[in-house]
Amino acid sequence: IHLNVESRLKDIIGEPAGRLHTARSRNDQVAVDFRLWVKSACETRHAQLTTLMQALLAQAGRHADTVMPGFTHLQTAQPVTFGHHLMAYVEMFDRDRGRFSDAIARMNESPLGAAALAGTGFPIDRHMTAKALGFDRPMANSLDCVSARDFALEALASVAICAQHLSRLAEEIVIWSSAQFGFVRMSDAWSTGSSIMPQKRNPDAAELVRAKVGRIFGALTSLTLVMKGLPLAYSKDMQEDKVPTFEAFDALELSLAAMAGMVTDLEPNIDRMALAAGSGFSTATDLADWLVRELGIPFRDAHHVTGAAVKLAETRGCELADLPIAELQGLEARITPAIFDVLTPAASVASRRSYGGTSPDQVRAQIARWKDILS
């Protein structure tokens, strides 16, 4: 490639192109090229993450009041809002942006002028060439210049973590769009039918985003193993750094674009989410909290009373809010009808007003904060 560059430059400017290789080597030239490419790729993915975060903010803003079940162990835990759930990914993807920014800051040093490995006897100005190429400064050790690939490894680690976050969201879209959940619907732009089952609407785009993680993790592992035993300075093994890096960044680029499209396209089934939010005794914690707050019962005792109430509701085949007051008072005599004010999913989410909580007011405040940050 270097001879081709020199040949093309000669076509453009003539004989001075023959001086291109003076005080340079393929080793430092390729290190420069690779750093410039990885830096540019990190900047592009940072911008894509911003676009995805804005799509999440728009959906979260529309659904700051939309109640859905929150899960632990994929079991119904406590009610949350759909907006709050989406905002969790805004936080994750911002940390991904930060990792790309950190990687750029560390890789923003120029190897040019290290030549093969020892520097050069020509009176060059490495600070000038570093600035001309958009780097902050020249690298300080000629051996390190040509042998370092940790900048690519750090970038790939950032790609891998980001892809993992995308995969988690993709997995939730797959689950939410299933007939068993029915929480969201995607248009034909992001789902496909079956070749023999006309009723099917398969979340293919989400599944492909989920699958890309394997290729990306493989790229990180591949380059890690290439570099793990190399002595200083340059070895031909390092030629194997390009393909996995290019492939990983390409896969992430496609995944980020697809996820931004899917998030924008999602149509939540508000009624289905609300129905699910009230199932599985999701307000049991609210019952325990009420006993602590209103009756002054120690939480451990309140937990015991709540557990007994859940067993009673299971026996009767009803939810906590459907238990007769007399039976609740049989578990704790001081319980009053006011208990029913906290046993709805809407009341549960409204009560979670702590900073970062799921109450609609808190969700809207976080959305406003992020809109300011991203603007």
Side-chain angles (χ1 to χ4, degrees), residues 1-50 96-159 223-224 226-227 230-246 248-250 252-253:
I1 186 64
H2 307 285
L3 293 176
N4 289 334
V5 169
E6 186 174 321
S7 176
R8 175 60 181 148
L9 189 60
K10 188 174 181 179
D11 292 340
I12 298 171
I13 68 170
E15 191 59 34
R19 302 181 184 277
L20 181 63
H21 209 58
T22 305
R24 296 172 183 169
S25 161
R26 288 181 298 180
N27 295 352
D28 63 338
Q29 285 178 294
V30 74
V32 169
D33 293 345
F34 197 26
R35 277 179 186 261
L36 289 172
W37 190 93
V38 174
K39 185 173 76 162
S40 175
C42 287
E43 291 167 347
T44 301
R45 303 312 174 272
H46 187 287
Q48 283 190 284
L49 279 164
T50 301
D96 291 327
R97 291 199 315 165
R99 275 181 278 271
F100 283 121
S101 295
D102 291 344
I104 290 169
R106 267 184 288 279
M107 76 176 69
N108 208 23
E109 297 182 333
S110 173
L112 194 65
L117 74 160
T120 179
F122 290 96
I124 61 174
D125 185 349
R126 292 191 62 214
H127 292 274
M128 182 277 289
T129 54
K131 183 178 180 180
L133 289 167
F135 291 107
D136 290 336
R137 65 191 70 86
M139 295 180 71
N141 184 283
S142 61
L143 288 169
D144 187 38
C145 287
V146 298
S147 60
R149 292 296 184 271
D150 56 316
F151 68 91
L153 286 170
E154 183 176 9
L156 284 176
S158 301
V159 170
L223 185 54
T224 301
V226 165
M227 299 302 299
L230 295 187
L232 299 182
Y234 180 81
S235 298
K236 198 66 172 177
D237 309 51
M238 292 163 69
Q239 183 170 289
E240 294 299 315
D241 58 0
K242 313 297 182 304
V243 171
T245 303
F246 295 161
F249 272 98
D250 286 349
L252 184 64
E253 179 180 30

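Counting all heavy atoms, side chain and backbone alike, Ser25 lies closest to Ala116 at CB-N, 3.3 Å. Residues Val38 and Met107 approach most closely at CG1-CE, 3.6 Å, considering heavy atoms. Taking both residues in full, the closest heavy atoms of Ala155 and Cys42 are given as CB-SG, 3.9 Å, listed atom of the first, atom of the second, then distance. In plain terms, the two heavy atoms of Arg45 and Leu252 that are nearest each other are CG-CD2, 4.1 Å. The shortest non-hydrogen separation linking Leu143 to Ala233 is CD2-CB, 3.9 Å. When every heavy atom of Ala152 is checked against every heavy atom of Thr245, the shortest pair comes out as CB-OG1, 4.4 Å.
Here Arg99 does not pair with Asp102 in a salt bridge; the nearest charged N to carboxylate O distance is not below 4.0 Å.
Annotation: the span from Leu112 atom CG to Ile124 atom CD1 amounts to 7.0 Å, rounded to 0.5 Å. One finds the CG atom of Leu156 at 11.5 Å from the CG atom of Asp150 (value rounded to the nearest 0.5 Å). Here the straight-line distance linking atom NE2 of His127 with atom CZ of Arg137 works out to 10.5 Å at 0.5 Å rounding. Taken from CG in Asn4 to NE2 in His2, the straight-line distance is 10.0 Å, to the nearest 0.5 Å. From Leu230, atom CG reaches atom CG of Asp237 across 4.5 Å, with rounding to the nearest 0.5 Å. For the atom pair CG (Asp241) and CZ (Arg149), the distance works out to 5.0 Å, reported to the nearest 0.5 Å.
Using modelled atom types, one side-chain atom of Asp28 and one backbone atom of Gly113 make a donor-acceptor pair closer than 3.5 Å. When atom types are taken as modelled, the side chain of Thr120 and the backbone of Phe122 share a donor-acceptor pair closer than 3.5 angstrom. Using a distance-only test at 3.5 Å, with no hydrogens or angles considered, a donor-acceptor pair links the side chain of Ser101 to the main chain of Arg97. Although no hydrogens or angles enter the test, the distance criterion places no donor-acceptor pair under 3.5 Å between the side chain of Ser7 and the main chain of Leu3. Listed for the Glu6 side chain is no donor-acceptor partner under 3.5 Å among the backbone atoms of Leu20.
Around atom CD of Gln239, no more than 12 heavy atoms belonging to other residues, nucleotides or ligands sit under 6.0 Å away.
At least one side-chain heavy atom of Phe135 sits less than 4.5 Å from a side-chain heavy atom of Arg35. Considering only heavy atoms from C-beta on, His46 stays 4.5 Å or farther from Leu49 through its side chain.
Qualifying side chain to side chain donor-acceptor pair (under 3.5 Å) partners for Asn27, counting only residues two or more places apart in sequence or in other chains: none.
Judged as a ring pair (Phe, Tyr, Trp, His ring centres under 6.0 Å), the pairs with a partner in residues 7-40 (not counting sequence neighbours) are, in order, Phe34-Phe151, Trp37-Phe246, Trp37-Phe249.
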